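Take this structure, written in structure tokens, and hold onto it; I'll ask about it next.
Both counts, for ligands and for their atoms, begin at 1 and track the order of listing. Predicted model only: the values in this text are computed from it and were never measured.
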Amino acid sequence: MTDLPQLDLSADVLALTRALVDAPSVSGSEEPLADAVEAALRALAGLEVERVGNSVLARTNLGRPTRVVLAGHLDTVPVAGNLPSELREVDGVQRLYGCGTSDMKAGDAVMLRLAGRFGVPGGEPAHDLTFVFYDNEEVEAVKNGLGRVARERRGWLYGDLAILLEPTDGEIEGGCQGTLRVRLETTGRRAHSARSWLGVNAVHGLAGALATLAAYRPREVEIDGLTYREGLNAVGISGGVAGNVIPDEAALTVNFRYAPDRDEDAAEAHVREVFAEALAGGATLTVTDNAGGAMPGLAEPAAAAFVAAVGRPPRAKLGWTDVARFAAFGIPAVNYGPGDPQLAHTRDEHVRVDRLRPAEDALTAYLSGSPA
Ligand SMILES: [Zn+2]
């Protein structure tokens with residue numbers, strides 16, 4: 001443990017965000033930062049703390065009737081020459097630039113501030129609180145620290161509401177859509193293109209499926225007042241042997257983004273139905289990956305109180321996020337963080353300074369049970 005960054009939870013949320021950003025933690029190298037987070041949390045007398053790999057878990061045990069889980073990942077995508085952090089004013093707005101500012105160390109800083117406030121004797125949160133700081137979110141799902149916690153310490157994730165502090169520009173984004181990827185393959189018979197009637201063209205065999213996709217009308221589904229917009233799209237196509245050969249193989253990759261009222265099986269069944277004609281004609285369909293979405297659960301009392309504290313109408317989360325891991329346990333989950341999702345993973349990544357305090361204040365009001 002060399003150069004352990006010191007995290008002062010009494011510093012304001014901007015200073016804390018900077019301290020986190022200036023401790024680089026590209027996926028797979030979160031250990032020093034996880035150590036620092038663990039040390040800061042262990043110093044708080046009101047928290048039970050546990051370490052799982054490079055994920056750090058902390059919770060209050062006050063016997064409150066309800067529990068709120070706050071979660072954030074500690075890792076970032078690879079640094080793009082954008083560290084250390086830099087405070088700059090652009091278009092009259094103070095912004096903190098640097099890798100991980102928006103996605104999602106600003107959110108982690110808010111979580112740490114809340115831990116510092118409520119994780120001490122006399123902190124008196126209205127709900128028991130669980131804090132989950134996890135590793136390896138920006139890489140393959142098998143490495144995901146929250147997934148590991150779900151497998152090895154499932155009880156730590158239980159609660160009445162989970163709030164994931166991924167960047168949402170300070171808006172509540174409920175649930176998330178699912179995502180399914182399939183490969184539709186056709187086969188034919190190879191022949192010289194000068195005698196094409198001797199062959200069967202596998203690329204032409206995809207024509208029907210492409211026409212189906214072009215004509216497809218995706219649903220818009222309203223759940224708990226949020227509108228989820230589905231999409232079924234070809235995202236890749238391959239086939240062809242040489243400029244003078246009738247191709248005997250072709251494949252279409254299709255991505256289905258589906259509303260959370262369908263589960264994984266229903267989503268796959270729907271796609272098979274859409275391509276029924278192609279499948280009847282001999283095409284094969286293989287599921288490459290399928291991750292179910294998450295219902296927003298905004299009708300649950302704990303979630304409704306949070307919406308009231310933020311004071312603005314929630315919107316639907318269209319991308320897939322780790323909220324689905326909570327939804328798998330039946331826990332309503334929302335995304336809410338100070339960062340700007342459009343800036344995540346960019347060289348120009350930054351967070352508006354004027355978004356930090358409002359996020360901290362809204363969560364503080366909600367967690368202390370005071371009216372918004
Ligand atoms: Zn993120």
Side-chain angles (χ1 to χ4, degrees), residues 13 16-30 33-34 37 53-57 69-80 82-83 85 95-114 131-150 157 162-179 257 291 293-294 315-327 333-352 355-356 359-360 363:
V13 64
L16 205 45
T17 302
R18 288 199 86 159
L20 292 171
V21 172
D22 291 335
S25 56
V26 176
S27 309
S29 64
E30 300 91 336
L33 183 57
V37 168
N54 284 325
S55 295
V56 185
L57 312 171
V69 183
L70 299 147
H73 62 83
L74 292 173
D75 60 320
T76 70
V77 293
V79 180
N82 51 356
L83 283 185
S85 63
R95 301 161 197 262
L96 182 68
Y97 285 77
C99 182
T101 43
S102 182
D103 184 14
M104 58 167 284
K105 288 180 171 176
D108 294 329
V110 168
M111 284 171 63
L112 286 171
R113 288 281 301 158
L114 297 168
F131 298 91
V132 181
F133 295 89
Y134 61 102
D135 62 323
N136 279 312
E137 190 271 346
E138 302 285 10
V139 287
E140 316 88 273
V142 291
K143 293 186 178 168
N144 185 294
L146 192 61
R148 180 171 171 189
V149 172
L157 299 188
I163 301 172
L164 194 62
L165 280 90
E166 285 279 8
T168 65
D169 230 352
E171 306 293 347
I172 294 179
E173 296 186 335
C176 77
Q177 297 214 119
T179 177
R257 296 288 176 150
R315 57 191 188 197
K317 184 71 175 181
L318 302 182
W320 191 92
T321 76
D322 274 330
V323 294
R325 296 181 196 275
F326 290 99
V334 300
N335 305 272
Y336 173 77
D340 178 346
Q342 316 263 18
L343 296 169
H345 306 187
T346 66
R347 254 173 217 285
D348 200 33
E349 180 172 0
H350 62 268
V351 64
R352 287 175 61 129
R355 292 292 153 83
L356 300 176
E360 181 186 349
L363 280 163

Inset, instruction - Anything under 30° is parallel, anything over 60° is perpendicular, the rest tilted; go ahead and classify His350 against Tyr97. - result: tilted

Legend entry - the Zn ion (ligand 1) reached by Glu138 (N, O or S, under 2.8 Å): no

Legend entry - Glu166: its N/O/S atom lying closest to the Zn ion (ligand 1) (atom name): OE1

Inset, instruction - Decide yes or no for Arg113 and Leu16: does some side-chain heavy atom of the first lie under 4.5 Å from some side-chain heavy atom of the second? - result: yes

Inset, instruction - Apply the test salt bridge (charged side-chain N to carboxylate O under 4.0 Å, His left out) to residues Glu171 and Arg315: give CA-CA distance (whole Å), side-chain angles for both, the deciding distance (0.1 Å), then the verdict. - result: CA-CA 8 Å; Glu171 306 293 347; Arg315 57 191 188 197; 5.2 Å; no

Inset, instruction - Answer yes or no for Asp103: is there an N/O/S atom below the 2.8 Å cut-off from the Zn ion (ligand 1)? - result: yes

Legend entry - Pairs flagged by side chain to side chain donor-acceptor pair (under 3.5 Å) wherever residues 335-344 is involved - sequence neighbours left out: Thr321-Asn335

